[in-house]
Every structure is written in C-alpha cells, then in structure tokens.
Protein chains: 2
Amino acid sequence: MRKGAETRERLLSIAETAVLAKGFGATSIEELIAEAEITKSGFFYHFKDKTELARALIVRYLEADEVLLDDLFKRARELNVDPLHSLLIGLKLLAEMMADLPEGHPGCLVATICYQERLFDKDIHELTRGGALAWRARFVRVLEEISEIYPPNDDVDLVEVADLISTIVEGGIIMSKALREPEKLAAQVILLRSYIKLLFSPRPS
Amino acid sequence: MRKGAETRERLLSIAETAVLAKGFGATSIEELIAEAEITKSGFFYHFKDKTELARALIVRYLEADEVLLDDLFKRARELNVDPLHSLLIGLKLLAEMMADLPEGHPGCLVATICYQERLFDKDIHELTRGGALAWRARFVRVLEEISEIYPPNDDVDLVEVADLISTIVEGGIIMSKALREPEKLAAQVILLRSYIKLLFSPRPS
DNA sequence: GATAAAACTGTACCGGCGGTACTGTACTCG
DNA sequence: CGAGTACAGTACCGCCGGTACAGTTTTATC
C-alpha cells in the first residue's frame with residue numbers, strides 16, 4: 001500500500017519530466033519503465049493506459065501548483081497588508097522563484113496539453129481549463145480589492161488583467177526556452193509587475 | 001518541377017496543422033500521406049526523413065510570419081508618423097487579426113518545438129531562436145525611437161519590453177486554448193497596448 | 001518528338017512501441 | 001494464516017518510422 005504509492009509517484013515524476021521535454025505522444029511507456037526500473041506489467045498495474053497516466057499527471061501538477069501559489073501569496077500578504085503592495089511583493093517573490101531555477105523553468109503541463117489537444121479527451125481539457133480558471137479567480141479577487149482603493153489609470157477589464165498574469169508566465173516560459181535565456185521568465189514577470197504598478201499607482205496630480 | 005513544389009507545399013500545410021494539433025512526435029507520416037493522397041515513397045522523395053520535414057516546417061513558418069508582420073506594421077506606419085501611435089495602431093491591427101480567426105489561433109510552431117526540445121537537433125533550435133530574436137529586433141528598434149520622444153514612466157529595459165510582445169502573443173495563444181476562449185488572445189494583446197500606452201504617455205503634471 | 005530529369009508508385013522488410021491478456025509470486029497488513 | 005497489494009514474466013498483435021530499391025508516369029527542354 002505504501003510502497004505502491006511511492007512507485008506511482010516515481011513514475012509520475014519521471015513521466016512529467018519526459019512529457020515536458022518531448023511531448024506526450026513522443027514519450028514511450030518503455031522509456032518510463034526503464035528509468036523507473038520496473039516492468040511493463042508494473043506500469044499497467046498503476047495506470048490502465050496512457051490516458052490515465054496523463055490524467056494523473058495534470059491532477060498532480062495542478063494540486064502542487066495550487067499549494068505553491070497559496071503559500072507564496074500568503075507570505076506576500078503577511079509582508080504588507082495593502083493589497084496592491086502585497087500583490088507587487090507576491091509577483092517579486094514569484095519572479096525570484098522562477099529565477100532560482102538554474103536550468104530554467106521545466107515547462108507547464110497545461111501548455112503541453114494545449115499544444116497537443118487532439119491527444120487528449122474532453123475530460124483532461126476540462127482539468128486544464130479548471131487550472132487556468134483557478135489562477136484567474138485567485139487574482140481577480142485581489143485585483144478587485146486593489147481597484148477599490150486605487151482606481152486604475154486605464155479602462156481595463158480586471159478579468160483580463162488577472163489572465164495577463166497567466167499569459168505572461170506561460171509566454172515567459174516559452175520565450176525562455178526559445179531564446180535559451182533562463183532569466184527571461186523572471187524578467188518578464190518583473191515587467192508585469194511594472195504594469196500593475198503603473199496601472200494602479202496614483203498619478204501625481 | 002512545378003508540380004513537385006506544389007505537392008511539397010500541400011504536405012507542409014497538412015503537416016503544420018497536424019503538428020500544431022497533436023505535437024510532432026504524435027504526428028505520423030502515414031496520416032500525412034493519407035490526407036495528401038500520395039504514397040510513402042512520395043513523402044520520402046520530398047523529405048529524406050521526419051527531421052527534414054520539421055526543418056522545412058519552421059523555415060516556412062518563420063518566413064510567412066516575417067512577411068505578415070512586415071506588412072502589418074508597414075500599414076500602421078502609414079497611418080501615423082509618430083512612432084508611439086504607429087506602434088499602438090500596429091498592436092490594434094495585430095489584435096484585430098487575431099480576433100478574425102474564428103476557430104482561434106492555430107498555434108505557434110516555435111512554441112510547439114520549445115515544448116518538445118528533445119525531439120529536435122541544435123540546428124532547428126537555432127532557427128526558432130532566430131525567429132524570437134527577429135521579433136525582438138523589430139520591436140526594439142521602434143521602442144528606442146519612441147523612448148527618444150516619450151521618456152518611459154518606469155525604469156524598464158527596452159529589450160524586455162520588446163520581448164514582452166512575443167511573450168504575450170505566445171502566452172495568449174496558450175490561454176485561448178486552455179480556456180477555450182478564442183477571443184482571449186486578442187484581448188491580451190489589447191492589454192499589452194494599454195501597458196505601452198501607460199509606459200510612454202506623458203503624465204499630466 | 002526524342003530525351004532526360006523530376007516526381008512519383010509499388011513492394012517488401014525491419015525493429016520499436018502501445019496495448020492486451022493471462023499466469024505467477026513476493027510482500028504485507030489485519 | 002489468508003487476502004489483497006504490488007508487482008514480474010511471457011507471449012502476442014498491429015501500427016509506425018525508416019530503409020531499400022526497382023519500376024513508371026509526368027514534365028521541361030532542346
């Protein structure tokens with residue numbers, strides 16, 4: 001029972017790395033079991049087919065993601081009660097976290113799945129959509145709180161601004177990879193911070 | 001000679017659609033030749049292996065991309081001589097173009113390749129990097145021109161701002177797909193426009 | 001209208017992979 | 001001690017990428 005869960009975890013870890021590096025379709029079960037040092041039977045004991053592996057991968061990924069962001073923005077909240085400054089601190093912490101990945105961000109599973117739509121069923125797409133909506137909900141809440149205190153300097157939809165955070169993280173990951181500049185992601189998050197600052201900071205009048 | 005190029009083009013078109021929808025590794029040569037109505041021998045006459053298909057795909061993609069952007073920002077330039085307003089118009093045209101894709105943006109080949117690094121050789125990665133750098137160069141030029149007239153309202157690196165454009169397009173495509181909201185991409189580009197506006201517009205003092 | 005090159009088709013084969021099916025077995029928890 | 005858990009072993013199927021190579025039709029060119 002305990003050992004089973006451990007093997008499953010190891011399989012998922014190996015699979016996640018492989019999928020982010022080569023895509024889901026190009027990741028063979030054989031290479032996974034070779035690295036995990038188990039047999040094919042062992043694999044199919046844990047996952048009835050490749051689709052179930054995919055489902056388990058995203059569920060695990062989204063859960064870890066949520067825990068990570070919860071923690072990060074809770075810390076940011078503790079450092080400053082003002083919602084705007086708390087968000088700005090949170091974005092700085094986020095950028096620092098990204099910058100601390102020496103090999104660069106390994107990639108986002110949601111993005112991989114979106115770029116291989118036809119390989120996955122509606123079920124899995126619903127999960128990735130849920131992940132994106134969770135980010136949106138998290139930041140819309142904060143942005144509304146901010147805009148009540150600091151009226152925005154431009155006529156923008158707060159839902160769009162919330163989604164911009166996801167957009168820049170996803171885009172930043174790709175740009176980091178494309179340019180082979182691991183620091184790019186953090187730098188783009190800092191630029192997002194600059195936008196939030198300009199958007200909500202009271203103008204000198 | 002003429003007919004050969006035509007078949008090659010048809011193959012590339014079919015392959016591009018398939019790769020963007022399923023990833024490179026999951027795209028089989030068999031399905032491509034089935035849709036193109038040729039035989040396997042025909043395929044290998046045009047491309048000596050799958051890797052050469054990949055190379056031809058990006059080269060074609062990047063060339064088309066360049067032509068498209070050249071045209072778009074040339075039109076923007078003709079509508080307004082001021083570099084800031086010209087860029088803002090250009091971004092609006094870009095957003096409109098994105099919004100005109102009824103099924104949403106089909107996806108960016110550079111992103112697909114980045115998310116399947118291990119499948120491609122250094123050669124191909126150099127091509128995608130070149131594509132990203134071309135976008136950067138294009139916009140850095142304009143941004144420098146702008147900042148000479150309108151000093152930026154925040155201390156930002158213009159290279160980062162230039163890369164932000166690519167970041168938001170790449171991220172916007174993913175968010176459009178993840179949320180299944182085709183309009184998302186255009187909306188995020190418009191938000192980028194809002195940032196450029198806030199960054200360079202003279203503050204009322 | 002002959003000729004050569006271009007643009008394929010046809011056939012046959014290899015090894016790897018996803019997936020299925022079923023049997024056997026070591027470990028472990030109650 | 002017995003029942004489930006967590007695998008290992010073996011055998012097999014069909015699809016796919018890739019190779020090899022011979023044959024055939026189409027097309028441009030002189």
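Here is the naming used below: chain letters follow the sequence lines, and residue numbers restart at 1 for every chain.
Between Glu37(B) atom CD and dG10(C) atom C1' the separation is 17 Å, expressed in whole Å. Computed from coordinates, the Glu52(B) CD to dG17(D) C1' distance equals 15 Å when rounded to whole Å. Nucleotide dA21(C) holds its C1' atom 15 Å from the CG atom of Asp49(A), rounded to whole Å. If you measure from atom NZ of Lys22(B) to atom C1' of dC15(D), you get 12 Å, rounded to the nearest angstrom. Rounding to whole angstrom units, NZ of residue Lys50(B) and P of dG17(D) are separated by 5 Å.
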Validation: residues 132-142 of chain B side-chain donor-acceptor distances under 3.5 Å, sequence neighbours left out:
{"residue": "Trp135(B)", "atom": "NE1", "partner": "Asp65(B)", "partner atom": "OD2", "Å": "2.7"}
{"residue": "Arg136(B)", "atom": "NE", "partner": "Asp163(B)", "partner atom": "OD1", "Å": "3.1"}
{"residue": "Arg136(B)", "atom": "NE", "partner": "Asp163(B)", "partner atom": "OD2", "Å": "3.1"}
{"residue": "Arg136(B)", "atom": "NH2", "partner": "Glu181(A)", "partner atom": "OE1", "Å": "3.3"}
{"residue": "Arg136(B)", "atom": "NH2", "partner": "Glu181(A)", "partner atom": "OE2", "Å": "3.3"}
{"residue": "Arg136(B)", "atom": "NH2", "partner": "Asp163(B)", "partner atom": "OD2", "Å": "2.8"}
{"residue": "Arg138(B)", "atom": "NH1", "partner": "Asp70(B)", "partner atom": "OD1", "Å": "3.0"}
{"residue": "Arg138(B)", "atom": "NH2", "partner": "Asp70(B)", "partner atom": "OD1", "Å": "3.0"}

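Lys177(A) and Gly107(A) make their closest contact through CE-CA, 4.0 Å (heavy atoms, listed as atom of the first residue, atom of the second, distance).
Non-hydrogen atoms lying under 4.0 Å from DNA chain C are contributed by nothing in residues 26-35 of chain B.
Contact annotation: His46(A) does not reach the phosphate of dA6(D) (side-chain N/O to OP1 or OP2, under 4.0 Å). In this structure, Tyr45(A) reaches the dA6(D) phosphate: one of its side-chain N or O atoms is under 4.0 Å from OP1 or OP2.
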Pick out the pairs of N or O atoms, protein on one side and nucleotides 9-13 of chain D on the other, that lie under 3.5 Å.
{"residue": "dG9(D)", "atom": "N7", "partner": "Ser41(A)", "partner atom": "OG", "Å": "2.9"}
{"residue": "dG9(D)", "atom": "O6", "partner": "Ser41(A)", "partner atom": "OG", "Å": "2.6"}

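Classified by interplanar angle (parallel below 30°, tilted 30° to 60°, perpendicular above 60°), the ring pair Phe24(A)/Phe120(A) is tilted.
For the residue pair Tyr195(B) and Asp154(B), no side-chain donor N or O sits within less than 3.5 Å of a side-chain acceptor on the partner.
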